[in-house]
Amino acid sequence: MFKIPKGKEVPLGCVTPAPVGEQPMMITGNWREFRPLLEPEKCDLCMNCIVFCPDACFQLDDAEEKVVLNEKYCKGCNICINECAPGALTAAYELDFDDGVVRLDKPF
Amino acid sequence: MAKEMMLSGCASSAQAAKMAKVEVISSYPIRPYTAIMMELSKMVANGELDAEFVHGEGEHGQLSIVLGAAAAGARALTGSSGVGVTYAFENYSPIAGGRIPLQMMIADRALDPPGDFGSEHTDAMSCRDQGWLMGWAETPQEAFDNCLINYRVGEDHRVLLPQFVCQDGYFVSHIPGPVSLPEQSQVDEFLPPYNLPHPLDPKRPVSHGPQIRPDQGTIMDIQRAQAMLDAPAVIREAIDDYNRIFGRKYAPFVEEYMTDDAEIAFFLMGAHTMTARHAVRHLRAKGVKIGLVKLRFVRPWPTEEVAQALSKFKAVGVVETSTSYGGAMRGGNLLHEVRASLYELPQRPLTTSFMAGLGGEMVSLEDFYHMTEVLSKAVREGKTKKTVYWVGFEAED
């Protein structure tokens with residue numbers, strides 16, 4: 001009756017394997033208009049970004065002693081920029097990047 | 001041996017749930033459905049039924065509780081009436097979309113304004129397009145049977161949809177009627193154990209209800225649409241088995257009464273069908289060529305069966321027990337779908353609708369006789385004057 005194009009399949013009831021660190025079927029980074037940019041030399045590892053990010057996009061890299069942004073799931077809410085104590089995060093317009101994800105047909 | 005008892009619709013529904021061996025029940029009080037939960041809580045307290053009985057903090061919580069339970073692999077039951085049904089509305093689409101086949105028993109109650117408590121189908125009918133199976137019972141016996149039939153169809157892996165199992169408040173829910181209670185072995189033969197293909201299980205971890213993208217939403221909609229397309233064949237199988245095992249004579253979708261050579265017919269569902277049967281019988285004795293067609297499933301809507309059943313009449317009166325304010329027919333919900341079902345026929349009967357049984361009013365024999373006069377006049381004149389008659393409240397017929 002219906003024909004689902006190849007690559008567009010969704011599992012029954014959208015039940016997906018768990019636990020997974022990333023959910024490749026549910027990438028939401030292309031909703032973003034602004035990208036948070038981190039200046040590492042200003043970062044004092046206060047970790048406010050890790051605590052406040054609603055999508056858990058910031059993680060602490062213990063070995064390197066730095067915070068890392070997972071851009072695939074950042075929706076560009078800018079909460080991290082507002083909460084960053086040392087002012088190490090700034091908002092950059094997504095289309096200023098060659099690999100800018102917003103409004104592209106195939107972002108990933 | 002089957003045991004014959006006089007039971008109300010609520011009591012018979014509780015008996016059916018017990019024989020279906022429901023494992024988790026969530027409850028919140030609102031009349032008239034609440035008598036189902038009164039019966040079930042007694043069974044659990046007395047040790048007759050081994051089930052978790054959980055109190056919700058409201059109907060939204062009730063539906064969330066059974067969603068979790070059924071997602072974890074337990075056969076789950078809940079229910080409500082009137083504004084309780086609409087308070088839980090947010091949960092209906094995710095339960096159907098997540099393909100969790102739990103059951104909700106609804107004993108109809110008019111929606112407010114303000115504070116009516118009589119039976120009217122608008123509460124459940126407002127939820128009919130969320131991807132749940134839905135149908136009405138005419139008697140306590142049918143309420144019992146529909147519980148088992150709906151669990152069987154909904155849990156079938158070709159369907160996997162939740163079910164609204166509806167009965168008119170008071171007319172069915174609170175008036176005792178004869179109910180044949182089968183042997184447990186018959187129920188076990190008909191209804192296999194609940195087996196969700198994608199349960200929440202620590203040994204095989206899965207995510208239910210994740211965030212999805214807009215382009216995945218269409219495909220989720222298609223999954224539900226396909227399940228509704230696949231459901232009729234499963235319903236037919238289940239009804240055949242039910243009739244064989246329990247000795248009933250149900251038609252899967254539409255039941256006809258005295259329709260041989262009938263020129264006019266009532267089309268309706270639920271409790272008022274019983275009064276309509278008597279009206280038809282009395283009118284037949286007077287020589288009026290009238291019959292009735294009873295609808296057993298609103299979702300999936302049996303388009304072809306309705307068209308086939310109604311095509312042989314000259315005029316059909318659709319008795320509405322729900323409201324669709326501002327809709328195409330200016331009255332209830334059923335005539336929309338009846339006319340859509342008839343549209344492709346080369347020769348269509350005249351159709352009109354009767355707003356009756358609203359707010360819990362009974363539909364009397366006199367009301368049905370009056371509707372018969374309107375239909376007979378339409379046949380004589382070859383046209384219907386109006387698409388909707390508010391029975392007893394029209395300035396002129």
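Just so it is clear: chains get the letters A, B, ... in the order the sequence lines come, proteins before strands, and each one is counted from 1. Hydrogens, waters and symmetry mates play no part in the numbers below; they use all other heavy atoms, side chains included.
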Could you grab the distance from atom OH of Y87(B) to atom OH of Y28(B), nearest 0.5 Å is fine?
8.0 Å
Nearest 0.5 Å, please: how far is CD1 in I95(B) from CD in Q163(B)?
11.0 Å
Can you tell which part of Q216(B) gets under 4.5 Å to a heavy atom of chain A, answering side chain, backbone, both or neither?
both
When rounded to the nearest 0.5 angstrom, what is the spacing between CG in L69(A) and CD in Q59(A)?
10.0 Å
Side chain from CB out, backbone as N, CA, C, O: work out which of these in I4(A) comes under 4.5 Å of a heavy atom of chain B, or both, or neither.
side chain
Should the heavy atoms of other residues, nucleotides or ligands under 6.0 Å from OH of Y343(B) be counted, would the total exceed 12?
no
Under a 4.5 Å heavy-atom cut-off, does chain A meet the side chain of L160(B), its backbone, both or neither?
side chain
Looking at R204(B), Q223(B), H208(B), which has the largest count of heavy-atom pairs under 4.5 Å with chain A?
Q223(B)
